[in-house]
2 protein chains.
Amino acid sequence: MADIKSPANPLFLREDELRQGIEMLFFAYRDFTAKADQTLAQFNFGRAHHRVIYFVGRNPGMTVSDLLAILHITKQSLSRVLGQLVRQGFILQKPGSTDRRQRLLSLTDKGADLERKLTEEQRALIARAYRSAGADAVEGFRKVMLGMIEESDRRRFRPGLPR
Amino acid sequence: MADIKSPANPLFLREDELRQGIEMLFFAYRDFTAKADQTLAQFNFGRAHHRVIYFVGRNPGMTVSDLLAILHITKQSLSRVLGQLVRQGFILQKPGSTDRRQRLLSLTDKGADLERKLTEEQRALIARAYRSAGADAVEGFRKVMLGMIEESDRRRFRPGLPR
DNA sequence: ATTTTATGTCAGCCATGTTGACTTATTTTT
DNA sequence: AAAAATAAGTCAACATGGCTGACATAAAAT
């Protein structure tokens, strides 16, 4: 409560601090995606395929609409990669039981294998960063990240709430 | 708040915690880039232009090689967007004084205007997240992010060191 | 019975990444 | 001085993954 603007000027809101935040996000994302991209290339897949495989793996039984709401892309864009994944046997579609218009998505065994392989690399990267930063830092990391995420998606990270 | 963590179990390294880290990175980056992308579209520019404008603004006098080392793209990819920015008067090139093969890059006034406009949006987003998370959280955020960045680029974020 | 919704499809456009081959100017090495 | 290496640029072709717009089908909701 003490800080008025000038002497106790919150250091972490200085221009340079914010710029560093911007850059850290750029560099971290650049390096976070780099390894998986290599693996994906071996399958002739791209980052878009990864995102689909990832989120379907995380939310088996999700609908196409659910996926679109997460990815923030058009259904035409999604359709391209999703179609490939279905045709090549990485993802299964089955009609919804209550609403038969829906196509519920899930990974096949083959899909789950790829998902594991891809995500494992990224999990290792994060685990290393978490471990070297320590539990308190991780708590802070989560708080800041949460603040950057669109309000309606924050629920995904709050404990115990239904999806 | 009263987390009942089993004391020895490093909660923050559990599978789910790591997955949340992955997802936070995805969602934060998605939302972090969304606003600027809209602004860029008004200029018929894309995210690649933003990155060039940003880093040149941040490092006036940098060489093309410097920029390539940051972006991790090929010179042919860079050339396309850089060429547009130069031709349209957002970026200036001048031969290096000691090594005249180099093209030292800097923003024109017009370029600096656009840079400010674009970065301001992102800075505001980060500022909001920082403010609501608090100074300690920001410290933790930085630690974790740093751990995810390729070793050779971490120097950029350490205080007082020469670039 | 009509309208809305969930999903899919075709066609074409744009941005931005890639590889490969080659040029020019300049600096460094031999 | 000649040769090699480096900084930068260029042309061409290709792939990925966004986008818009128009239209189709089946099922659910009104």
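Just so we're on the same page: letters track the sequence lines, and every chain starts at 1. Small disclaimer: the values here were computed from a predicted structure and weren't measured.
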For DNA chain C, list all stems, counting runs of three or more consecutive pairs where every pair is Watson-Crick or G-U wobble with both distances under 3.5 Å.
C:1-30 with D:1-30
Using every non-hydrogen atom in the two residues, find where B:Ile22 and A:Phe32 come nearest and quote the distance to one decimal.
CG2-CZ, 3.8 Å
Quick one: label B:Gln84 by what it contacts on the DNA or RNA (base, sugar-phosphate, nothing), any heavy atom closer than 4.0 Å.
nothing
With a 4.0 angstrom cut-off to heavy atoms of chain B, pull out the first and last contacting nucleotide of DNA chain C, in 5'-to-3' order.
C:dA15 to C:dT27
Atom-pair distance (CG on B:Leu82; P on D:dT10), nearest Å:
10 Å
Quick check: are there more than 12 heavy atoms from other residues, nucleotides or ligands sitting under 6.0 Å from CG of A:Asp136?
no
Does the side chain of A:Ser77 get closer than 4.0 angstrom to OP1 or OP2 of D:dG17 through an N or O atom?
no
Do A:Val64 and A:Leu104 share a hydrophobic cluster (ILVMFWY, side-chain heavy atoms under 4.5 Å, transitive)?
no
Ring centres under 6.0 angstrom apart (A:Phe55, B:Phe26):
yes
So does A:His72 get a side-chain nitrogen or oxygen closer than 4.0 Å to the phosphate oxygens (OP1/OP2) of D:dG18?
no
Return yes if a side-chain donor-acceptor contact under 3.5 Å exists between A:Tyr54 and A:Gln122, otherwise no.
no
Minimum heavy-atom separation for B:Pro95 and B:Arg100, please, with both atom names.
CB-O, 4.2 Å
Are there over 12 heavy-atom neighbours, none belonging to B:Lys94, within less than 6.0 Å of that residue's NZ?
no
A:Lys75 NZ to D:dA24 P, straight-line distance once rounded to whole Å
13 Å
hydrophobic_cluster_shared for B:Leu92 and B:Val52, side chain cutoff 4.5 Å
no
In whole angstroms, the gap separating C1' of D:dG18 from CG of B:Leu40 amounts to 15 Å
Nearest-Å distance for atom pair CG/P, residues A:Leu71 and D:dT16:
18 Å
Separation of atom CG in A:Leu78 from atom C1' in D:dT16, rounded to whole Å
15 Å
Heavy-atom contacts, protein to nucleotides 25-30 of chain D, under 4.0 Å, summarised as B (base), S (sugar-phosphate only) or - (none) per nt, yield -BBS--
Enclosure of B:Lys110 NZ (heavy-atom neighbours >12, cutoff 6.0 Å):
yes
Quick one: do the A:Arg142 and B:Gln20 side chains pair a donor with an acceptor below 3.5 Å?
yes
5' priority, DNA chain C, between B:Arg103 and B:Gly46 [closest heavy atom]
B:Gly46
Above 12 or not: heavy atoms from other molecules or residues under 6.0 Å from CG of A:Asp113?
yes
Side-chain contact test, heavy atoms from C-beta onward, threshold under 4.5 Å: evaluate it for A:Phe157 versus A:Ile149 and give yes or no.
yes
What is the separation between atom CE on B:Met62 and atom P on D:dA7, rounded to the nearest whole Å?
14 Å
Of B:Gln76 and A:Arg51, the one whose closest nucleotide on DNA chain D sits nearer the 5' end is B:Gln76
Donor-acceptor pair under 3.5 Å, A:Arg47 side chain vs D:dG17 base:
no
What does B:Ser65 touch in the nucleic acid at a heavy-atom separation under 4.0 angstrom: a base, only the sugar-phosphate, or nothing?
sugar-phosphate
